[in-house]
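A quick write-up on the structure given underneath.
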Amino acid sequence: GVFNFEKCKDVFEKLDHIFVDIKNMNSNRHKEYTGFGNELILENIEKMANLNKSIVIRIPVIPGFNDDIENITSTAQFVRQNLKKPKIELLPYHMLGIDKY
């Protein structure tokens, strides 16, 4: 979800389905673990929602990072408020990408 929406808008308009991750709703915590805040991601999700496309929000559930009830609840509230047909997928955490870090 970290991209310039206006530069990508024409691509999104051609898609039927969009998948986007929300890792943590707390921007400070998101920045602590990913190197940047979540403001642009959330803003882009809001803009994508205006395209009236099928959007699935994915949450990679990471123990100790985003698996608390507060984060899951605030993510669900954001999705419900911003998507017309809200869909959320919880993804199990795995270590497959550990080498790139």
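In this structure, OG1 on T75 lies 5.5 Å from CE on M25, to the nearest 0.5 angstrom. If you take CZ on F65 and CD on E32, they are separated by 8.0 Å, rounding to the nearest 0.5 Å. Taking CZ of F19 as the reference point, atom CD1 of I55 lies at 11.0 Å (rounded to 0.5 Å). In this structure, CD1 in I45 is found 12.5 Å from CG in N50, a value given to the nearest 0.5 Å. Here L90 contributes atom CG and I57 contributes atom CD1; the two are 12.0 Å apart, rounded to the nearest 0.5 Å.
No chain of hydrophobic side-chain contacts below 4.5 Å, direct or via other Ile, Leu, Val, Met, Phe, Trp or Tyr residues, connects Y33 to I41. I59 and L91 sit in two unconnected hydrophobic clusters of ILVMFWY residues. Membership requires side-chain heavy atoms under 4.5 Å apart, directly or through other members. Hydrophobic clustering, with ILVMFWY side chains joined whenever heavy atoms are under 4.5 angstrom apart, groups F78 together with V2. Cluster membership check: V11 does not share its hydrophobic cluster with I18, using side-chain heavy-atom separations under 4.5 Å among Ile, Leu, Val, Met, Phe, Trp and Tyr. V56 and M48 fall into different hydrophobic clusters, where Ile, Leu, Val, Met, Phe, Trp and Tyr side chains are chained together by heavy-atom contacts under 4.5 Å.
Pairs passing the salt bridge (charged side-chain N to carboxylate O under 4.0 Å, His left out) check and including a residue from residues 63-85, sequence neighbours excluded, do not occur.
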Verdict with reasoning, L51 to K9, per side chain to side chain contact (heavy atoms under 4.5 Å, CB included): CA-CA 9 Å; L51 298 174; K9 184 177 178 182; 4.1 Å; yes
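Minimum interatomic distance between N71 and N66 (heavy atoms only, all atoms of both residues): ND2-O, 3.1 Å. Heavy-atom minimum distance, F36 versus H30: O-ND1, 2.8 Å. Here the closest non-hydrogen pair linking Y93 and V61 is CB-O, 3.0 Å. Scanning all heavy atoms of the two residues, the minimum distance from S27 to G37 falls at OG-CA, 3.3 Å. A pairwise comparison of heavy atoms in F3 and N44 identifies O-ND2, 2.9 Å as the closest pair. Residue A49 comes nearest to L83 through the heavy atom pair CB-CD2, 3.5 Å, listed as atom of the first residue, atom of the second, then distance.
Side-chain atoms of D21 never come within 3.5 Å of backbone atoms of K23 as a donor-acceptor pair (strictly under, hydrogens ignored). Although no hydrogens or angles enter the test, the distance criterion places a donor-acceptor pair under 3.5 Å between the side chain of K53 and the main chain of E13. In terms of modelled atom types and a separation under 3.5 Å, the side chain of N38 and the main chain of I22 share no donor-acceptor contact.
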